Asker: 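Dropping a structure here in structure tokens format, bear with me for questions.
Here is how names work: the chains are called A, B, and so on, in the same order as the sequence lines, proteins then strands, and each is numbered from 1. Since the model is a prediction, treat every value here as computed from it, not as a measurement.
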2 protein chains.
Amino acid sequence: MKTTEMAKNIAEPEIYRLDEQVGFMLRRATQRHLAIFNNLMPDFTPTQFAALAKLCELGPVSQNELGRQTAMDAATIKGVIDRLRKRGYVTTRPDPGDQRRIQIVPTGDGRTAYLERVTAAQEITARTLEPLSPRERGEFLDLLGRMT
Amino acid sequence: MKTTEMAKNIAEPEIYRLDEQVGFMLRRATQRHLAIFNNLMPDFTPTQFAALAKLCELGPVSQNELGRQTAMDAATIKGVIDRLRKRGYVTTRPDPGDQRRIQIVPTGDGRTAYLERVTAAQEITARTLEPLSPRERGEFLDLLGRMT
DNA sequence: CAAAATCTGTTTGTACACGAACAAAAGGCA
DNA sequence: TGCCTTTTGTTCGTGTACAAACAGATTTTG
């Protein structure tokens, strides 16, 4: 930061430093998080767990609605649900009131798997935020939440 | 936040809220960033531009080394380089001193394309950080940088 | 020097992620 | 009521991401 300021004073020609761009830093932070996630919950991907968690929270929903709630587009949520269904964590059934819709329902296995992993999920968040002090964690989450 | 505190006072059973987990928030922030990137630089993906930028910064490097510098593993950087080469932005040649290595070299087109897009790249960073005040931007980048 | 360990680039397989195009169903409106 | 628009789920194509396994080259070490 000091060197940057000094450089600006002598009219440096605005060098582009990849390592200082938000996008790159977001990607790196995400990579680290994914590694932590994969260690602590090897049998689920973050998206799969997100979908299962939201589903257990909301109860039966349509596929696209679940996608919206978990920030996945229609094509993505389809694949995620397909894999969760193949593994027996969710079932699908036609919506009685709307023939376009498919209701997604968590199975008993699905609910159990979710509940068994809530602690691990919280630990994942904790470890990801570990490099920051408790005060900074709140700040970071606040700022990050406003970047949406 | 107030309701959370109140809930904790009556010993609420530690509900898991997807929307408050770092991983989910990182994903959402990244999604927004990617949308901005795609608007302002439609002809490059973030990874492709990152590789080209680092390459122009470093000069000729081996493929794996470029991957390391841009936080991509060997399999990923290979695909990125393949696509950049197919589009004529980089060339490859054998490393004279090490027969395992491939040197990646930016072409004239590659350097030009990079230089023409630096401004857009900076604008992408600016727009991504737009929701935050100038003070907060520095704070956020600092905290984000420490999450690696 | 020779065997062991490491590094380089490649391939395969799985899993997001999203744009685009599509058909069937539902909803709005004239 | 009938047309028009929107919504829902699906499929296709492209592009990350990363683990795992591999062959060939290089380096380390005994």
Asker: Is Q99(B) close enough to dG9(C) that one of its side-chain N or O atoms is under 4.0 Å from OP1 or OP2 there?
Answerer: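 False: Q99(B) side-chain N/O out of range (4.0 Å or more) of dG9(C) OP1/OP2.
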Asker: Quick one: is T45(A) getting a side-chain N or O under 4.0 Å of the dC16(C) phosphate, OP1 or OP2?
Answerer: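 Yes, within the criterion.
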Asker: Assign I102(A) to base, sugar-phosphate, or nothing according to its heavy-atom contacts below 4.0 angstrom with the strands shown.
Answerer: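 Sugar-phosphate: the residue I102(A), judged by heavy atoms under 4.0 Å, touches backbone atoms but no base.
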Asker: Please check the phosphate of dT10(D) (OP1 and OP2 only) for any side-chain N or O of R101(A) closer than 4.0 Å.
Answerer: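 Negative; the distance criterion is not met.
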Asker: For R127(A), does the CZ atom sit with more than 12 other heavy atoms under 6.0 Å from it, leaving out its own atoms?
Answerer: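 No, CZ of R127(A) has 12 or fewer neighbouring heavy atoms, counting only those of other groups under 6.0 Å.
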Asker: Roughly how many Å is it from CZ in R28(B) to P in dC18(C), rounded to a whole number?
Answerer: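 Whole-Å distance recorded here is 11 Å.
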Asker: Establish, with yes or no, whether the OP1 or OP2 oxygen of dG15(D) is under 4.0 angstrom from a side-chain nitrogen or oxygen of R83(B).
Answerer: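 Answer is yes, contact under 4.0 Å.
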Asker: Base, sugar-phosphate, or nothing: which does D73(A) touch, judged by heavy atoms less than 4.0 Å apart?
Answerer: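 The answer is base, as D73(A) lies within the cut-off (heavy atoms under 4.0 Å) of a base atom.
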Asker: Quick one: is T47(B) getting a side-chain N or O under 4.0 Å of the dT16(D) phosphate, OP1 or OP2?
Answerer: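 T47(B) to dT16(D) OP1/OP2: side-chain N or O found under 4.0 Å.
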Asker: Ignoring the backbone of Q31(A), work out which of dC18(D), dT10(D), dT11(C) is nearest its side chain.
Answerer: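 Output: dC18(D).
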Asker: Given dT8(D), is OP1 or OP2 found less than 4.0 Å from the side-chain N or O atoms of R68(A)?
Answerer: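 Yes, such a contact exists.
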Asker: Students often get this wrong, so: under 4.0 angstrom with heavy atoms, is N38(A) touching a base, only sugar-phosphate, or nothing?
Answerer: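 Nothing, no nucleic acid heavy atom in range.
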Asker: Expressed in angstrom and rounded to an integer, what is the separation of L26(B) atom CG from dA17(C) atom P?
Answerer: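 Taking atom P of dA17(C) as the reference, CG of L26(B) is at 12 Å.
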Asker: Salt bridge or not for R17(B) and E57(A), using N-O below 4.0 Å?
Answerer: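 Not counted as a salt bridge, because no side-chain N and carboxylate O are separated by less than 4.0 Å.
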Asker: If the plane angle is over 60° it's perpendicular, under 30° parallel, otherwise tilted; pick one for F49(A) and F44(A).
Answerer: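 Plane angle over 60°, so perpendicular.
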Asker: Is it true that D98(A) and R100(A) make a salt bridge, defined as a side-chain N closer than 4.0 Å to a carboxylate O?
Answerer: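 A salt bridge is present here (some side-chain N lies under 4.0 Å from a carboxylate O).
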Asker: If you assign V80(A) and A75(A) each to the DNA chain C nucleotide with the nearest heavy atom, which residue ends up on the more 5' nucleotide?
Answerer: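 It is V80(A), whose closest nucleotide lies nearer the 5' terminus.
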Asker: Is there a donor N/O on one and an acceptor N/O on the other, under 3.5 Å, for the side chain of R100(A) and the base of dT7(D)?
Answerer: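 For R100(A), whose side chain was compared with the base of dT7(D), there is a donor-acceptor pair (under 3.5 Å).
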